[in-house]
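Single-structure report; data block below.
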Amino acid sequence: MEVGFLGLGIMGKAMAVNLLRHGFGVTVWNRTLSKCQELVEQGASVGETPAAVINKCKYTIAMLSDPSAALSVVFHKDGVLEQICSGKGYVDMSTVDAETSSKISEAITKKGGYFLEAPVSGSKKPAEDGQLVILAAGEKALYDKMVPAFDVLGKKSFFLGEVGNGAKFKLVVNMIMGSMMNALSEGLCLADRSGLSQQTLLDVLDLGAIANPMFKLKGPAMIKGSYPPAFPLKHQQKDMRLALALGDENAVSMPIAAASNEAFKKARSLGLGDLDFSAVFEAVKSAKDSDSA
Ligand SMILES: NC(=O)C1=CN([C@@H]2O[C@H](COP(=O)(O)OP(=O)(O)OC[C@H]3O[C@@H](n4cnc5c(N)ncnc54)[C@H](OP(=O)(O)O)[C@@H]3O)[C@@H](O)[C@H]2O)C=CC1
Ligand SMILES: O=CCCC(=O)O
């Protein structure tokens, strides 16, 4: 199967490499075109523009940073819309809001193309290992065509019905994840200020009812103040913001998510946006420092 791939950031690169390893033909494009070189060395072809990739491939996947990037790659000059047509499928795996996804879906469908949103749970390592969880919604016929690719990229894929459901699902999941990261940060801070061992706290958490892979993976690095980006903090804050907007639309009060969003915003203002989202711990620590000053 030949697929196009737009966006070679942390996730897109790992996913495209994975497809190549499993025998897919892959034509890549990235805004910073030089990032395509590494993929070419592993057997990919390059399209000079998103339109060129769509022209070449029957199915194209996108993995872009946020709603504005997802929209610009479709609607701007040399974008997806210039070449999408009957028989071609476009699969946006970026984390965006339902409104963005619907705008893209409508435009593509109007041109006769098929659209699927398919955001993912799982970060850099699961992307490298083909262990993502795929939350797809939109055109079921396109979902069925994409199953061989999803089987390579993920350990499980869900088809969730109409466009928007995948986007909303992903935002709910990441809202919970962002709040959990803040709770862990406050717990580590409180343990330390109370004269307790942070490592022992992690050991205790890992043995009890709230043990989870995220605390286990990120906790030890957080104690060391090490935040190599797997999931950039700026993207987690984008997801909290979009989840809060979904809460507004549905009149759901989410004070825990709102407080967590404030901590992620604070972390961004401290210049931590490109680090892993666990760097919110630094913002939590700095807030506690100023409280006790
Ligand atoms: N990292 C993770 O753990 C996970 C991330 N996600 C989601 O996946 C998406 C990608 O994340 P990730 O790979 O980490 O992000 P990165 O920041 O590493 O990569 C972002 C990609 O988007 C491109 N891009 C940004 N702005 C534009 C624009 N205006 N026009 C065209 N291309 C643009 C970048 O191009 P360039 O190289 O030129 O900057 C790059 O290819 C995000 O929506 C994120 O929320 C979902 C699950 C896990
Ligand atoms: O959107 C990013 C999700 C990261 C994860 O699921 O570990």
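Treat the numbers as computed from the prediction; the structure is a model and nothing was measured. Below, each value reflects all heavy atoms present in this structure, side chains not excepted, and no hydrogens, waters or symmetry copies. Ligands are counted one by one from 1 in listed order, and the atoms in each one are counted from 1 as well.
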Contacting atoms of ligand 1, where contact means under 4.0 angstrom from a heavy atom of Gly122: 47 (C), 48 (C)

Side chain, backbone, both or neither: Ser72 near ligand 1, heavy atoms under 4.0 Å: side chain

Contacts of Gln42 that satisfy side-chain hydrogen bond (donor to acceptor under 3.5 Å, both in side chains) - sequence neighbours left out: none

Ligand-side contact atoms (ligand 1) for residue partner Val120, heavy atom cut-off under 4.0 Å: 46 (C), 47 (C)

With Lys88 via salt bridge (charged side-chain N to carboxylate O under 4.0 Å, His left out) - residues at least two apart: none

Residue portion contacting ligand 1 (non-hydrogen atoms closer than 4.0 Å) for Val73: side chain

For Ala230, the ligand 1 atoms whose distance to one of its heavy atoms is below 4.0 Å: 1 (N), 2 (C), 3 (O)

Nearest option to atom 44 (C) of ligand 1, as decided by whichever heavy atom of Lys125, Lys238, Met11 sits closest: Lys238

Check: Thr95 N/O within less than 3.5 Å of ligand 2 N/O: no

Identity and separation of the nearest protein heavy atom to atom 28 (C) of ligand 1: Arg31 NH1, 3.5 Å

Candidate pair Glu262 and Lys265, rule salt bridge (charged side-chain N to carboxylate O under 4.0 Å, His left out), full reasoning: CA-CA 5 Å; Glu262 290 304 314; Lys265 279 160 58 181; 2.9 Å; yes

Option with minimal heavy-atom separation from atom 14 (O) of ligand 1, where the choices are Pro67, Gly9, Pro232: Pro232

Contact partition for Asn30 relative to ligand 1, non-hydrogen atoms under 4.0 Å: side chain

Element-labelled atoms of ligand 1 that are located less than 4.0 Å from some non-hydrogen atom of Met63: 8 (O)

Any Lys13 heavy atom less than 4.0 Å from ligand 1: no

Sub-4.0 Å heavy-atom approach of Pro119 to ligand 1: no

